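Worksheet for the structure shown next.
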Amino acid sequence: MFLLAVFVVGGCETTHEARPAPPEGFAESQYAVVQTFFATDRNLEEGRRGEVGFGGERSDIRYGRCHVSIPRDHRMGELESPSILRFEFREDPAKHVVLLETRLQERERFFSEIREEVEASSGKKAFVFVHGYNVSFEDAARRSAQMTYDLGFDGAPVFYSWPSRGKPQAYVVDGQNAEWSEANLARFLSAFFQESEAEKVYLIAHSMGSRILSRALISAMQDDPTIGERVEEVIFAAPDIDAQVFAEDIMPRIASGVSPVTLYASSKDLALAASRKVHGGYSRAGDTARGVVLLDGLETIDASYVETGFNGHSYFADNRSILSDMFYLIRTGARASHRFGLTEVDAEDQVYWQFKR
């Protein structure tokens with residue numbers, strides 16, 4: 001028994017054998033399967049095992065859906081992967097977050113299935129996640145599914161994957177591709193709001209993806225000012241954006257159509273510290289080492305005191321405290337002053353919030 005991945009080329013479908021499916025009933029007992037939709041302007045290529053895959057070059061927008069395994073003993077915030085230290089040399093859906101299947105779809109089918117998911121949800125909800133630098137398509141799918149599962153999201157989960165090279169040394173190229181993708185994401189957002197029928201849309205961007213989402217959202221709202229009325233929340237997690245540009249150019253234009261906006265930042269983010277050096281010492285919006293970004297219409301959450309990974313950059317989806325905070329933000333709409341685990345900090349006649357130590 002095999003899963004089938006489908007290539008759609010020139011309107012014709014061709015099937016390729018993907019990874020072997022588990023024995024009957026195994027998936028239900030050993031792991032959950034999360035479906036997430038995607039749009040991508042990466043180049044189409046064959047995946048590692050002959051299934052649909054995407055590279056790090058630029059291309060036209062394609063649409064589809066992914067199925068991702070989440071182990072039954074999954075720990076909130078973990079993106080479980082094989083570890084040599086545990087003598088694990090192959091992916092195992094019962095133990096790891098694994099991209100099981102990627103299926104391309106025609107645009108009409110894509111939005112039709114999203115409408116079905118939205119209609120079946122409570123409140124007609126959807127989220128769109130835009131990943132950051134050094135992220136492959138596969139890892140974007142895995143992260144999107146992990147967030148969907150950990151947030152208990154009731155709605156249509158969608159991720160937009162731009163052509164990151166997925167390599168630490170490709171920072172400059174990723175920055176160029178991020179800028180190139182802005183127009184594509186703007187067109188996708190416009191189509192999404194026109195065709196998804198979602199009434200409550202959460203826009204979540206991480207790191208360099210915040211550059212793309214912020215500019216794309218501004219462009220889409222210029223074309224259709226009603227978009228902002230359906231954006232329930234914009235969440236910028238560790239945004240790799242010049243702090244001054246964010247404060248003086250980006251936020252005023254977003255806040256004119258969407259309010260409120262949430263910013264998660266940290267002084268222990270080594271990736272943004274490196275980005276600051278690359279950009280001539282100018283602070284990044286997601287880096288609080290030289291000060292916290294405080295703006296009208298923006299709720300800033302300082303995550304400096306939470307436990308993070310080795311470079312402190314993916315804390316938004318790795319840390320239980322932050323995921324729990326996002327859970328209540330999305331599930332209840334409660335503002336920071338009413339969410340458990342946050343402490344108010346007064347600064348310059350404004351306030352921001354910190355996770356309790």
Side-chain angles (χ1 to χ4, degrees), residues 36-42 54 56 58 61 66 79 126-148 151 157-168 170-189 192 201-220 231 233-243 245-246 249-251 254 258 261-266 269 271-272 274-275 278-279 284-287 293 303 309 311-318 322-323 326:
T36 181
F37 297 94
F38 71 84
T40 183
D41 50 12
R42 293 173 179 266
F54 295 95
R58 303 173 182 180
I61 298 179
C66 295
L79 197 61
F127 78 66
V128 178
F129 170 61
V130 183
H131 63 77
Y133 141 76
N134 184 26
V135 175
S136 66
F137 176 87
E138 181 172 353
D139 283 343
R142 295 171 64 237
R143 178 65 79 186
S144 180
Q146 175 242 319
M147 289 173 57
T148 302
L151 293 174
V158 183
F159 69 96
Y160 190 93
S161 188
W162 53 278
S164 165
R165 291 290 174 86
K167 299 177 181 179
Y171 182 84
V172 174
V173 176
D174 273 14
Q176 293 171 331
N177 284 343
E179 183 177 0
W180 172 84
S181 288
E182 289 173 7
N184 283 339
L185 180 55
R187 284 189 285 270
F188 172 74
L189 288 178
F192 184 83
V201 180
Y202 302 85
L203 302 177
I204 306 171
H206 177 230
S207 186
M208 193 178 283
S210 300
R211 301 184 200 174
I212 310 171
L213 177 63
S214 58
R215 297 293 188 186
L217 178 59
I218 290 168
S219 177
V231 177
E233 189 83 31
V234 181
I235 299 174
F236 292 117
D240 187 3
I241 306 175
D242 184 287
V245 172
F246 183 78
D249 181 32
I250 292 174
M251 262 304 296
I254 290 179
V258 178
V261 177
T262 295
L263 167 67
Y264 289 100
S266 172
D269 192 324
L272 290 188
S275 177
V278 170
H279 291 92
R284 318 310 288 167
D287 179 10
V293 176
N311 69 355
H313 191 52
S314 296
Y315 56 83
F316 79 104
D318 287 344
I322 297 174
L323 280 166
M326 289 177 60

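Throughout, numbering of the chain's residues begins at 1 and tracks the sequence. Hydrogens, waters and symmetry mates are skipped; everything else that's a heavy atom, side chains included, is used. Only a predicted model underlies this, so the values are computations on that prediction, with no experimental measurement involved.
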Without swapping roles, check the side chain of S181 against the backbone of N184 for a donor-acceptor pair under 3.5 Å. no
Side chain S214, main chain S210, donor-acceptor under 3.5 Å: yes
Under the rule for side chain to side chain donor-acceptor pair (under 3.5 Å), what residues qualify as partners of S144, not counting sequence neighbours? T36
Is the shortest heavy-atom distance from the side chain of L213 to the side chain of L189 under 4.5 Å? yes
Partners meeting salt bridge (Lys or Arg N to Asp or Glu O under 4.0 Å) with D287 (sequence neighbours left out): R276
Please name all residues satisfying side chain to side chain contact (heavy atoms under 4.5 Å, CB included) with R165, sequence neighbours left out, ordered by chain then number. E57, A170, V173, D174, N177
For Y171 and Y133, work out which heavy atoms get closest and say how close. CA-CE1, 3.5 Å
Grab the two heavy atoms, one from V234 and one from V231, that are nearest each other, plus how far apart they are. CG2-CG1, 3.7 Å
Just checking, is any N or O donor in the side chain of T262 or E233 under 3.5 Å from an acceptor N or O on the other one? yes
CD1 of I61 to CH2 of W162, rounded to nearest 0.5 Å, is 15.0 Å
Hey, what do you get for CG (L185) to OG1 (T40), rounding to the nearest 0.5 Å? 11.0 Å
Salt-bridge present (R211, D240; N to O < 4.0 Å): yes
Here's a test for you: under side chain to side chain donor-acceptor pair (under 3.5 Å), which of S207, S164, S161 qualifies with H131? S161
is_close_aromatic(F192, F37), centroid dist under 6.0 Å: no
Single hit among F127, F129, F188 for ring-ring contact (aromatic ring centres under 6.0 Å, His included) with Y160: F188
